[in-house]
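To keep things clear, I will list the structure first and then write my remarks on it.
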2 protein chains.
Amino acid sequence: MKRDSRLSGVLHILLHMAQQPGPFTSETLAKAMDTNPVVIRRVMAGLRELGYVRSEKGHGGGWTLACDLSKVTLRDVYVALGSPALLAMGNRTEAPGCLVEQAVNAALDQAFHDAEALLLSRLGEVTLAMLSDDFRKRLGSRKHQGMRAHRA
Amino acid sequence: MKRDSRLSGVLHILLHMAQQPGPFTSETLAKAMDTNPVVIRRVMAGLRELGYVRSEKGHGGGWTLACDLSKVTLRDVYVALGSPALLAMGNRTEAPGCLVEQAVNAALDQAFHDAEALLLSRLGEVTLAMLSDDFRKRLGSRKHQGMRAHRA
DNA sequence: GTTTCATGTAACTTTATATGTTACATATTT
DNA sequence: AAATATGTAACATATAAAGTTACATGAAAC
């Protein structure tokens, strides 16, 4: 399976937006993310629906943060993306008439469920504000070395 | 991403094999699993290398269990498959020069790592023997209703 | 009001990976 | 030698993320 990097990507976008007022066009963000503007609009659509960002058309338009960063967790962002699958593995079939399959599924489902619950819980513990603070801390350290925030 | 069901599948195979002496041909197993013999050989290859099963060619050949089921955990089987990715999500890029990306990756990696560790730990707690016992328990219940073990 | 700029979205292409299939070499038993 | 089974390469298919193209819609600038 191809690893889904939308959560990572959209967090990257949000943190960039948190560093200056905006608005930011999809094209600007796409360049910073080294991708396509349409991809940006796609991943941002869910966040707009939940009110975490706003978008405006026309001159001077673009994307703007519309939430309290200390109130939005990584889990909220994940949900805004449509809660995509967390695990790369799954059962061969659901609704198994085979008792062997039932035994296997029961054991795996238990483990899978626990891991998903922990991951969601961890994501729910981290707010965008915490990430932003971490970024600024890193920025401070690097500034002492006379380097730039953005190199990629 | 497409969910990886090889672990589920190979466990299914092993449990079927545990119910009678064998050996089992790839074709027999493939029919029970509703798939192709080559797929069976592919997922069994790793298990053979670790000595959990044996395979023999020619007349009367096929696959045989070669381990103590109470000594092999689901985690062992997972490793035998080549330790495929557990999580469907990952970071956009590794080796990020961008400090924003570093902050995002650090937070996600922590959550991802914890979830993976828990999943591996859970898989390590369950042996094939436990699964087999569970299967036989289910078989017992169903027998009381006059039904067959295999319906799919 | 027309031009320009920006998002919104559908449709298509590309890429990666699991899964399925075909073909054939190799080994073992009869 | 024939039959049976694994071993494996090569190719085909399915699915989902990611990238691209095209065009409609709406808002600001002139």
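Chain identifiers are assigned alphabetically (A, B, ...) following the order of the sequence lines, protein sequences preceding nucleic acid strands; residue numbering begins at 1 within each chain. Predicted model, so just to flag it, every value in this text is computed and none were measured. Below, all heavy atoms of this structure are taken into account, side chains as well, without hydrogens, waters or symmetry copies.
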Q. Quick one: Met44(A) CE to dT9(C) P, roughly how many Å, whole number?
A. 14 Å

Q.
Using whole Å, what does the distance between atom P of nucleotide dA27(D) and atom CH2 of Trp63(A) come to?
A. 15 Å

Q) Under 4.0 Å between a side-chain N/O of Ser26(B) and OP1 or OP2 of dT6(D), yes or no? A) yes

(Q) Going by salt bridge (Lys or Arg N to Asp or Glu O under 4.0 Å), name the pairs with one or both residues in residues 41-70 of chain B, residues two or more places apart or in two chains. (A) Asp68(B)-Lys71(B)

Q: Using a heavy-atom cut-off of under 4.0 Å over every strand shown, decide if Arg48(A) touches base, sugar-phosphate, or nothing.
A: sugar-phosphate

Q | Value in whole Å for how far the P atom of dA5(D) lies from CG of Leu29(B) | A | 12 Å

**Q.** Donor-acceptor contact present, side-chain Asn36(B) to main-chain Val38(B), <3.5 Å
**A.** yes

Q. Separation of Glu27(B) atom CD from dA3(D) atom C1', in whole Å?
A. 13 Å

(Q) Using the rule side-chain contact (heavy atoms from CB on, under 4.5 Å), only one of Leu131(A), Leu7(A), Val126(A) pairs with Leu108(B); which is it? (A) Leu7(A)

Q: Using whole Å, report how far CD1 of Ile13(A) lies from P of dA18(D).
A: 11 Å

Q) Rounded to the Å, how far apart are Arg3(B) CZ and dA16(C) C1'? A) 17 Å

Q: Provide the full list of salt bridge (Lys or Arg N to Asp or Glu O under 4.0 Å) pairs with a residue in residues 11-30 of chain B, sequence neighbours left out, each pair given once.
A: Glu27(B)-Lys31(B)

Q: Check side-chain hydrogen bond (donor to acceptor under 3.5 Å, both in side chains) between Thr64(A) and all other residues, then give those that pass, not counting sequence neighbours.
A: none

What's touching nucleotides 21-30 of chain C from the protein side, N or O pairs under 3.5 Å?
from, atom 1, to, atom 2, distance (Å)
dT21(C), O4, Arg42(B), NH1, 3.4
dA27(C), O4', Lys57(B), NZ, 3.3

(Q) Does dT4(D) have OP1 or OP2 under 4.0 Å away from a side-chain N or O of Thr25(B)? (A) no

Q | Terminal helix-axis angle for the helix from dG1(C)-dC30(D) to dT30(C)-dA1(D), with five pairs defining each axis and rounding to 10 degrees | A | 10°

(Q) Just to verify, what does Ser121(B) make a side-chain hydrogen bond (donor to acceptor under 3.5 Å, both in side chains) with, not counting sequence neighbours? (A) none

Listed pairs under 3.5 Å, donor-acceptor, residues 111-120 of chain B side chains, sequence neighbours left out:
from, atom 1, to, atom 2, distance (Å)
Asp114(B), OD1, Gln110(B), NE2, 3.3
Asp114(B), OD2, Arg122(A), NE, 2.5
Asp114(B), OD2, Arg122(A), NH2, 3.4
Asp114(B), OD2, Gln110(B), NE2, 3.4

Q. Hey, which of these two, Gly61(A) or Ala45(A), hits DNA chain C nearer its 5' end, going by closest nucleotide?
A. Gly61(A)

Q.
Run the salt bridge (Lys or Arg N to Asp or Glu O under 4.0 Å) test against Asp76(A) and tell me which residues pass, sequence neighbours left out.
A. none

Q | Pairs involving residues 124-135 of chain B, ordered by first then second residue, that meet side-chain hydrogen bond (donor to acceptor under 3.5 Å, both in side chains) (sequence neighbours left out) | A | Gln19(B)-Ser132(B), Ser132(B)-Arg136(B), Asp134(B)-Arg138(B)

(Q) So, OP1 or OP2 of dA6(C): does either fall under 4.0 Å of a side-chain N or O from Ser55(A)? (A) no

Q | Rounded interatomic separation in angstrom, taking CZ from Arg6(B) and P from dT15(D) | A | 17 Å

Q. To the nearest angstrom, how far is Ile40(A) atom CD1 from dT9(C) atom P?
A. 16 Å

